[in-house]
Structures are given as structure tokens and as C-alpha cells.
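Accompanying notes for the structure given below.
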Amino acid sequence: MTTHGFTLTAEGPFGFADSLRFVEDWPATSRLPSDGRTLRFAYCAEADWRPIGVSVTGVPGGVSVTTTRPAGPAIRGEVARIFSLDVDGTGFAKLGDADPVLGDLLRLRPGLRPVCFWSPWEAACWAVIVQRSSMVVASAIKQRIAQRYGAEVVVGGEPFAAFPPPVSLLDAGGLGLPAQKEEWLRGLARAALDGLLTTEHLRSLAPEEALAELRSLPGVGPFSAGLILIRGAGAPDAFPGDEPRLFAILREAYGLAEDAPPSAYRRLADAWRPYRSWASFLFRATAYGVMDDRPGQDPS
């Protein structure tokens, strides 16, 4: 099979090994086969909603990418977004000078940037599927939907099922979900086809405006809106106003009172501008075993 390659270079610190470790540890992606050096996956590109297979390996200062079909500027931008390489991260490390708690995490994993969903559409579907479910169960359901309605792409000699594009789920039933969730997914498919669930659109808005617009979509609450904007569209400087899991992590890290109001967390996050999403991601990553004491083994 013919493959096509390109390289993405990071501005500021970046370590692909830490990104790969997050993918291996996070329940939603831990099923992906891994050899500890290369990440392989398939998805439907936002640029044209056609399936594409991707292999990513760390190189000095960035990543080397191989795709199963030619990757123009739009798809290259999508891969960059997935690894947060579309943002200049030069100033991120400096946040630790004023915030010793964040500084400890930055020193432990100086090259870890947010790893995003393959597309905001896929992030939105995940946000609906995982509601009132464990991530392990939700991951299995999402994979079954991909196998039934998505295309198979061979990447590095292995078959991968790409999660289907919005048009494939417009009238789909029998997804293995409650009827309400299936209706929500169909509503999200309509929103995606209308251009509302795209990186370009969501990042063209102020974060607060984007979060409000996302919350108006079917099945999307405050937590889901933040997930779609931050881990779907890759917005680097957003902070959802209501995320109990993150708040619990921050309470422990900063010694905040149990009854601290959301405004206390927002004030804390204001010091992380213009990387509020990135800082939040580092704290979340502690819950998935990425920020432990294992030494990084970056192949670069």
C-alpha cells in the first residue's frame, strides 16, 4: 500500500513519548495496540469526512507522520491539532514560575501537551456515549459502532475501524445505546453537517461563546461542552465552569475547601492564561497514571 509522509515540528517543549503514554493509559484509547514507539489510528478527516489511516512516531522536536492517502494542509492541520502541535507552547513552561503546584507537574512532564480526539465530532459522540457509563464500557460501544458503520483502514499492516462520519449516523439505529442517546447522536450528526462541530468554527469563537453554543446541542451539558471544545477542537485557553472531577483534583493539589465555589477555580485558572486548557489537562492526566514517577523514554 502506498503511504505518504510529513513531519510536524513543535514550537516549545514537546515529548511524544508522554503523549503516547497518555493514549496507552487513558481508558478511552487504551485498547489501541501499541509498541511503545508508534501510535496508529484511523478516523474520518474533518476536511472531507473520508477515512484515513495515520501512523505517528516521535522525532527530535516533533513527530514524523505517515498517512494512507495524501495529506494536504487541512489534514496536516488536523494531525497537528490532535497532538496540540498547532499551538506555540513556548510560554507554557513559564507558568510554573508563578504557580509552584503547576510547576511541579511541568517539571515532571515538560513535554506533555493535550492529546485530542481525532475530531470534535468524534469527541461529541464520545461525550454522549460515556454519560452514565464507565469509560471502558463506552469505549467498547464506540468501537462496535465504528465496526458496524465505519470504514476499515489498514495501518501498519493492522486493520482499524474508523468512527463513522456524521452522514452515516443520521438515520442509524441499533447502536447498542438507549433510545435517548441514539437520538442525541443523530442530532449531533445534523449539527456536524451544518458546520457547528468543526475545529474551525469552534475556535473562531471566544471560549465562553463556544461553550454556550455547545451546551445548546442535544445531549451536551457543561462537562461535555468542555470536553468537545478542549479535547475535540483543541482550544488551548478554555476553562469550563463546572467540572467536578477536575475540581476535585485541584482541591487536593491546592488545598482548597470542599465547598469552594466554581469562581474559586476560575480565579485559579486565570493565572494559566493563555494555556488554561493545557494546564487543566496536566492535572487531569494525573488520574490516568501519566504523571507518575516513571522516567520518560522519548524516542527523540
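Note that the structure is predicted; figures quoted are calculated from it, not measured.
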Could you go through the side chain to side chain contact (heavy atoms under 4.5 Å, CB included) check for Thr68 and Val154 one step at a time?
CA-CA 8 Å; Thr68 56; Val154 176; over 6 Å; no
Side-chain donor/acceptor of Arg69 to backbone N/O of Pro51, under 3.5 Å:
yes
Hey, are the side chains of Glu243 and Arg284 touching, using non-hydrogen atoms and a 4.5 Å cut-off?
yes
Val155 versus Val54: any side-chain heavy-atom pair under 4.5 Å?
no
Table please: side-chain donor-acceptor pairs of residues 222-232 below 3.5 Å, with sequence neighbours left out.
from   : atom 1 : to     : atom 2 : distance (Å)
Arg231 : NE     : Val115 : O      : 2.7
Arg231 : NH2    : Val115 : O      : 3.0

Do Phe41 and Tyr149 share a hydrophobic cluster (ILVMFWY, side-chain heavy atoms under 4.5 Å, transitive)?
no
Any donor-acceptor N/O pair, Glu158 side chain to Pro33 backbone, under 3.5 Å:
no
Joint hydrophobic cluster, Leu214 plus Phe117, side-chain heavy atoms closer than 4.5 Å:
no
How long is the gap from CG on Leu32 to OG1 on Thr29, to the nearest 0.5 Å?
6.0 Å
If you measure from CD1 on Ile52 to OG1 on Thr67, what distance do you get to the nearest 0.5 Å?
4.5 Å
Less than 3.5 Å apart, any donor N or O on the side chain of Thr57 or Ser64 sitting next to an acceptor on the other?
no
Considering all heavy atoms of both residues, which atom of Leu196 and which atom of Glu213 are nearest to each other, and what is their separation?
CD2-OE2, 3.9 Å
Does Val63 reach the side chain of Val79, with side-chain heavy atoms less than 4.5 Å apart?
no
Are Phe163 and Trp118 close enough that their ring centres sit under 6.0 Å apart?
no
Residue pair Cys116 / Gly234: nearest heavy atoms and the distance that separates them:
SG-CA, 3.8 Å
Identify, with sequence neighbours excluded, every residue that meets ring-ring contact (aromatic ring centres under 6.0 Å, His included) alongside Tyr254.
Phe283
Under 4.0 Å between a Lys/Arg side-chain N and an Asp/Glu carboxylate O for Glu183 and Arg190?
yes
Tell me if a side-chain donor or acceptor on Arg144 pairs with a main-chain N or O of Leu175 at a distance below 3.5 Å.
no
Co-membership, hydrophobic cluster, residues Phe92 and Val101, 4.5 Å side-chain
yes
Under the side chain to side chain contact (heavy atoms under 4.5 Å, CB included) test, residues paired with Glu252 that sit two or more places apart:
none
The reported gap from NZ in Lys142 to CD1 in Ile129 (rounded to nearest 0.5 angstrom) is 7.0 Å
Could you go through Phe281 and Trp26, starting from their C-alpha distance and side-chain angles, then the distance that decides it, and tell me whether this counts as ring-ring contact (aromatic ring centres under 6.0 Å, His included)?
CA-CA 12 Å; Phe281 177 81; Trp26 190 44; 8.8 Å; no
Given 3.5 Å as the limit, does a donor-acceptor pair link the side chain of Ser119 with the main chain of Glu46, or not?
no
Might you point out which heavy atoms bring Ala285 and Leu112 nearest each other, and give the distance in Å?
CB-CD2, 4.1 Å
Quick one, Ile82 with Val56, criterion side chain to side chain contact (heavy atoms under 4.5 Å, CB included). Give me CA distance, side-chain angles, the key distance, then yes/no.
CA-CA 11 Å; Ile82 289 169; Val56 185; over 6 Å; no
Show the nearest heavy-atom pair for residues Ile75 and Pro70, with the distance to one decimal.
CD1-O, 4.3 Å
Around atom CD of Glu200, are there more than 12 heavy atoms of other residues, nucleotides or ligands at under 6.0 Å?
no
Where do Arg107 and Pro110 come nearest, in terms of heavy atoms and distance?
O-CD, 3.6 Å
State whether the side chain of Trp121 and the backbone N or O of Leu188 hold a donor-acceptor pair below 3.5 Å, judged by distance alone.
no
Counting the benzene-type ring for Trp, do Phe83 and Phe14 have ring centres under 6.0 Å apart?
no
Search all heavy atoms of Leu217 against all heavy atoms of Ala191 and return the closest pair with its distance.
CD2-CB, 3.9 Å
Evaluate the criterion side chain to side chain contact (heavy atoms under 4.5 Å, CB included) for residue pair Ser263 and Arg266; output intermediate values, then yes/no.
CA-CA 5 Å; Ser263 58; Arg266 288 195 292 269; 3.7 Å; yes
Do Leu8 and Val23 belong to the same hydrophobic cluster, where Ile, Leu, Val, Met, Phe, Trp and Tyr are linked whenever their side-chain heavy atoms lie under 4.5 Å apart, directly or via other members?
yes
May I have the list of side-chain donor-acceptor pairs in residues 269-279 shorter than 3.5 Å, sequence neighbours left out?
from   : atom 1 : to     : atom 2 : distance (Å)
Asp270 : OD1    : Arg273 : NE     : 3.4
Asp270 : OD1    : Arg273 : NH2    : 3.3
Trp272 : NE1    : Asp99  : OD2    : 3.0
Tyr275 : OH     : Asp88  : O      : 2.8
Tyr275 : OH     : Gly91  : N      : 3.3
Arg276 : NE     : Asp237 : OD1    : 2.9
Arg276 : NH2    : Asp237 : O      : 2.9
Ser277 : OG     : Ala235 : O      : 2.7
Ser277 : OG     : Pro236 : O      : 3.4
Ser277 : OG     : Asp237 : N      : 3.4
Ser277 : OG     : Ala238 : N      : 2.9
Ser277 : OG     : Ala238 : O      : 3.2

What's the spacing between Phe22 CZ and Leu282 CG if we round to 0.5 Å?
10.5 Å
Within-4.5 Å side-chain heavy-atom neighbours: Phe239 and Leu246:
yes
Rounded to the nearest 0.5 Å, the NZ atom of Lys94 sits from the CG atom of Leu106 at a distance of 13.0 Å
List for me each residue that meets ring-ring contact (aromatic ring centres under 6.0 Å, His included) alongside Phe247, sequence neighbours excluded, and say none if there are none.
Tyr265
CA sep, side-chain torsions, deciding dist, call: Ile145, Ile141, side chain to side chain contact (heavy atoms under 4.5 Å, CB included):
CA-CA 6 Å; Ile145 293 172; Ile141 293 173; 4.2 Å; yes
Mind jotting down which residue pairs meet the salt bridge (charged side-chain N to carboxylate O under 4.0 Å, His left out) criterion with at least one end in residues 76-87? Sequence neighbours excluded, please.
Asp86-Arg203
So, Arg40 side chain and Phe160 main chain: donor-acceptor pair closer than 3.5 Å or not?
no
Would Trp126 and Leu185 show up in the same hydrophobic cluster when neighbours are defined by side-chain heavy atoms closer than 4.5 Å?
no
